[in-house]
Undergrad: 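Following this message is one structure expressed as structure tokens.
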Amino acid sequence: MVDERSSVTNHFLSAFLLAIIFWNNIQCSAGKGLIMDFSNRFLVKVPKNLPAQMTVLDLSYNSISELQISDFSSSSKLQVLILSHNLIGKLNFSVFQYNEDLEHLDLSYNNLQSLSCHPVTSLRHLDLSYNNYVDMPTCPEFSKMLKLEYLGLSARRIQNSDFSVLAHLQLETLFLGLEDLSEYIHGNLPVFNTRSLQIIFPPNNDYQVLPDLEINVTESLELSNIQETQVNDLRTFLLKLNKNSTLLNLTLNNIQCDWEDFIEILQTVWESTIEYFVIANASQLEAPNSIEFKYTKTSLKALTIKQTTLTTFRSDAKYLLQLFSEMNLTALTISDAGLIHMLCPSNPSHFTYLCFSNNSFTDTVFQNCKDLMFLEKLILKSNQLKKLVRVSLMTSHMASLKYLDMSLNLLQYEDHENKCDWGKNLVELDLSFNKLSESVFRCLPVNIQMIDLQNNQISSIPKEITELTSLEEINLASNKLAKLPGCGQFRNLRFLNIEMNSIVSPSSEFYQTCQGIKQLKAGHNPFTCTCELRQFISLQKQGSMELVDWPDAYVCEYPDYLRGTLLKDFHVSEVACNVSLLITIVIIITVVLVATASFLCIRFDVPWYLKMMWKWTQAKHRIRKSNPEDLLPNIEFHAFISYSEHDSEWVKNVLIPNLEKEDGSIRICQHERNFVAGKSIVENIIDCIEKSYRSIFVLSPYFVQSEWCHYELYFAHHKLFSENADSLILIVLEPIPAYIIPARYHKLKALMAKRTYLEWPKEKSKHGLFWSNLRAAIYVKLSSNEEERAFSLS
Ligand SMILES: *[C@@H]1O[C@H](CO)[C@@H](O)[C@H](O)[C@H]1NC(C)=O
Ligand SMILES: *[C@@H]1O[C@H](CO)[C@@H](O)[C@H](O)[C@H]1NC(C)=O
Ligand SMILES: *[C@@H]1O[C@H](CO)[C@@H](O)[C@H](O)[C@H]1NC(C)=O
Ligand SMILES: *[C@@H]1O[C@H](CO)[C@@H](O)[C@H](O)[C@H]1NC(C)=O
Ligand SMILES: *[C@@H]1O[C@H](CO)[C@@H](O)[C@H](O)[C@H]1NC(C)=O
Ligand SMILES: *[C@@H]1O[C@H](CO)[C@@H](O)[C@H](O)[C@H]1NC(C)=O
Ligand SMILES: *[C@@H]1O[C@H](CO)[C@@H](O)[C@H](O)[C@H]1NC(C)=O
């Protein structure tokens, strides 16, 4: 019973705390409220120096035995103080005199034996239950706490005048934990004036409290631990509730009764003002063979029977089931009752809500049932249904059905099975925790808006399925999906949950078809952190799609060296992933390099240098290879120079000085200088050419037009000249346009066309290379006697 009670308290507390925490978070962000949680810390005293801004202080589950004014005097903002499950023996309410905002004080489960009273007028919630009192721990000052909404009390003895103080209070909820009651004097209960009253009777002792129970304005009554001997008192009490009663909600927990008592209680409630009736944890009820129940006019709207096994060992289950199916209420819940079936009502029934969770229903339930046309919500969670087709056929007659919960069954659907036929208005379907495979997508209601398919065996979403245009939410968590699916068949999807699958990477289809999704829950999948995942990670940054539980739930699984890395921290560059981008970049770089090279070439005339270097190298190579014996015997000069008169200045001042360096290693035959008297100019020239290793022609337009003819004859005779073009060096001093060369000069044209000439560079910087190249081209080792001869000649 203590469990029962504490679970009630805990529920209330957690709801309250949640509200407080929520509220407080807002306060926190405004820089105000503060929650301090010191629960379960083995504290023997209230900690010192608590922050003054603190609004919530949780000191539950410690060993605090005493409270002092100084403990809380500085916490002027304190609103919630939880001291349950400690060892406090005495309480002087004056310790809270400085806590003017204190609204919630929980002192349940302590050792309190005495109270020193002082009105804490701000209090709304005061829990003094489960202490060490003999009598009710009340103070006359309570009647001054006009804001009090919740009061929790318990005692071992109920005496006269214990409750007198309550007469003046307008409570929302009064809780009386009387598990340890050991002394009760008949006639000492007041008329309770509270909207909600919860009483826990002693589970084993049988005190006649119930006959004294009177409620005036109570709307909600919850009674726990009703012995078999008290069932009559309970009936008497219920019968007293006449049509003027305000009671709407009645909950009976842990009631020991037989089937006859149960029916009588049910019948009495049926005829009372009660609208919501809950029976929880009644002892096992063995139904008899016939059941008498009068379905008179009733205020009852909802009947809930839970944690109560209804058995039919000795009777026909039909009578038991009929009792409920004919009830024509708005809502009926029979859960944890071990039922194996439920009948279809024999007349059109007004059930809008039916819940049969945690029973043993099979596929036969509500087949062909046409009398549930008002049913909007059907919950068959945790039963034994196997065939999804039959579930769909069951709903086909439920024209109003909007919500169906079939979770935790054994449902399957195979492709070869009959077509499914669902209720036309079904918009929300829970098929979680079944055995469904991907073929389930061929058996879904066309107008479905929300579907829960978590914990099934779906490994893909088939493409050739009917489009579900209304679908907004789908939960596919804990299935076997290997890829983030596309949304082609669900154009209006807003929320997709696919966490805890085997998703390695998203499909390209996902990006193309799932733009409408606002929230995606995809954590706890074995992501492979490669390029493919970049787009997925960027979803979060773009903000178009919210990734729920980002970043903590999104972790790389492969490759091994990235295992455990958050997707948030996984970075890979755009270039490494995008092949076309990579190619583009390579092309751009190449183009830039080529362009730069070309520009540099043109700017610094690199080709010219290269050509010159090449010629120079060739010449050096030739020199190294040649041996003196190969030389023709009559060679005396390194070169003969021919030029036009017009260019003579350049030849004499520039060319010859640069070739004939001081060391005299190069000798030039110049027809004017080395003129032999008695011979004609042409003879002299030819003589010069024959004695020279090379012939240098300084070409310019003038030369071409005036001098070339001198040599044509010679060229005509000297085959060697044409065959061994090596001996000929053309220097183009000024550019020679092709049209200037007379048509008959075939030889010159051919030579020019071959581009085997040296151009005189205009830039000074190139002259050095030009000269060394020219020198190398004409240099050859001449024999010494010839050298002497040449010397004498000059
Ligand atoms: C309770 O505390 C107040 C203030 O400290 C004090 O005046 C009063 O005597 C105390 N009452 C008892 C019964 O100790
Ligand atoms: C019942 O409640 C009404 C309204 O609050 C009040 O006037 C009346 O006195 C109460 N009756 C008893 C017997 O307490
Ligand atoms: C119901 O209340 C009316 C007045 O509100 C009173 O006259 C009548 O006697 C009450 N009925 C019962 C059964 O108490
Ligand atoms: C009575 O029960 C219904 C359904 O559980 C609930 O909505 C309602 O708030 C309850 N009323 C009171 C006064 O507790
Ligand atoms: C159900 O009731 C029995 C006694 O009637 C009690 O022992 C048991 O703890 C109760 N169970 C729950 C869950 O309250
Ligand atoms: C069921 O209850 C509704 C009112 O909620 C009523 O109109 C209807 O006649 C009842 N049906 C039967 C078969 O009693
Ligand atoms: C379902 O009912 C069985 C007994 O009927 C019980 O043992 C079990 O805890 C219940 N499960 C849930 C989830 O309520």
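Both ligands and their constituent atoms are indexed starting at 1 by order of listing.
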Undergrad: Does any N or O of ligand 5 fall below 3.5 Å from an N or O anywhere on N281, backbone included?
TA: yes
Undergrad: Below 4.0 angstrom from a heavy atom of E219, which ligand 4 atoms are there? Numbered from 1 as shown, please.
TA: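 Close to E219: 13 (C).
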Undergrad: Which atoms of ligand 1 have any heavy atom of S116 under 4.0 Å away?
TA: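 Selected atoms, number and element: 12 (C), 13 (C).
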Undergrad: Verify the distance criterion only: is there a donor paired with an acceptor across the side chains of N281 and N254 at less than 3.5 Å?
TA: yes
Undergrad: Compute both the distance and the angle, then confirm whether K377 meets the cation-pi test with Y403: under 6.0 Å from the six-membered ring centre, within 45 degrees of the axis.
TA: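 Satisfied, under 6.0 Å and within 45°.
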Undergrad: Mark whether atom 7 (O) of ligand 4 lies under 4.0 angstrom from at least one protein heavy atom.
TA: no
Undergrad: Among K147, R124, R195, exactly one meets salt bridge (charged side-chain N to carboxylate O under 4.0 Å, His left out) together with E172. Which residue is that?
TA: R195
Undergrad: When you check the side-chain N and O atoms of H85 and Y61, is any donor under 3.5 Å from an acceptor?
TA: yes
Undergrad: Give me the residue, atom name and distance of the protein heavy atom closest to atom 9 (O) of ligand 4.
TA: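 Checked against all protein heavy atoms, atom 9 (O) of ligand 4 sits closest to N249 ND2, 4.6 Å.
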Undergrad: Below 4.0 angstrom from a heavy atom of Q256, which ligand 5 atoms are there? Numbered from 1 as shown, please.
TA: 5 (O)
Undergrad: Answer with yes or no whether the side chains of Y184 and D212 bring together a donor and an acceptor at under 3.5 Å.
TA: yes
Undergrad: Would you verify that at least one protein heavy atom lies under 4.0 Å from atom 2 (O) of ligand 4, or report that none does?
TA: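 Given the 4.0 Å limit, the answer for atom 2 (O) of ligand 4 is yes, a protein heavy atom qualifies.
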Undergrad: So if I count the atoms of ligand 1 from 1 in the order they appear, which ones are less than 4.0 Å from some heavy atom of I69?
TA: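 Those qualifying, in numeric order: 5 (O).
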Undergrad: How far is atom 10 (C) of ligand 1 from its nearest protein heavy atom, and which residue and atom is that?
TA: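 Checked against all protein heavy atoms, atom 10 (C) of ligand 1 sits closest to N92 ND2, 2.4 Å.
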Undergrad: Should S325 and L321 count as side-chain neighbours, where that means a heavy-atom distance under 4.5 Å?
TA: no
Undergrad: Examine distances only and state if a side-chain atom of N111 and a backbone atom of G89 form a donor-acceptor pair shorter than 3.5 Å.
TA: no
Undergrad: What protein heavy atom lies closest to atom 4 (C) of ligand 1? Include the residue and the distance to one decimal.
TA: S94 CB, 3.8 Å
Undergrad: Would you mind checking which non-hydrogen protein atom is closest to atom 5 (O) of ligand 4, with the distance to 0.1 Å?
TA: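 Going by distance alone, atom 5 (O) of ligand 4 is nearest to Y276 CD2, 4.5 Å.
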Undergrad: So how far is it from L123 CG to L102 CG, rounded to the nearest 0.5 Å?
TA: 5.0 Å
